[in-house]
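A quick write-up on the structure given underneath.
Residue indices begin at 1 and follow the sequence shown. Only a predicted model underlies this, so the values are computations on that prediction, with no experimental measurement involved.
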Amino acid sequence: MDGTKRSNIKPGDKVKVVQKQDQRSGKLTEGVVSRLLTKSPTHPHGIKVMLEDKVVGRVKEVIK
């Protein structure tokens, strides 16, 4: 599922995010959403979230 819409993501969802330092390589980190950091309903590069292990990144994929 698309990670650019805030309505697709909620705490507890399993997602793949790209961290700031991994944007060039495109390396994805998998985890569970702790909180949503982006306030706007959409973002072209993905909604910024904090995972349960305190990793911050932009959602590229929501795993169902």
inquiry  = Quick check against the 3.5 Å criterion: does Ser40 have a side-chain atom that pairs as donor or acceptor with the backbone of Thr42?
reply    = yes
Gly3 backbone acceptor or donor facing Asn8 side chain under 3.5 Å
no
Could you see if Met1 belongs to whatever hydrophobic cluster contains Ile9? Use Ile, Leu, Val, Met, Phe, Trp, Tyr and a side-chain cutoff under 4.5 Å. yes
So NE2 of His43 and CZ of Arg6: to nearest 0.5 Å the spacing works out to 12.5 Å
Open item on the list: Measuring only between side-chain heavy atoms, which start at C-beta, is Val17 closer than 4.5 Å to Leu28?
Closed with: no
Tell me which donor-acceptor pairs under 3.5 Å the side chains of residues 46-64 have, and how far apart each pair is, sequence neighbours excluded?
from	atom 1	to	atom 2	distance (Å)
Arg58	NH1	Gly46	O	2.9
Lys60	NZ	His45	O	2.8

Next on the checklist: Contact between Leu36 and Pro11 at the side-chain level, heavy atoms closer than 4.5 Å - yes or no?
Outcome noted: yes
Do Lys16 and Thr29 make a side-chain contact, defined as non-hydrogen atoms from C-beta onward lying under 4.5 Å apart?
no
Value for OG (Ser34) from CG (Asp13), rounded to nearest 0.5 Å, stands at 12.0 Å
Taken to the nearest 0.5 Å, the spacing of Ser25 OG from Gln19 CD works out to 9.5 Å
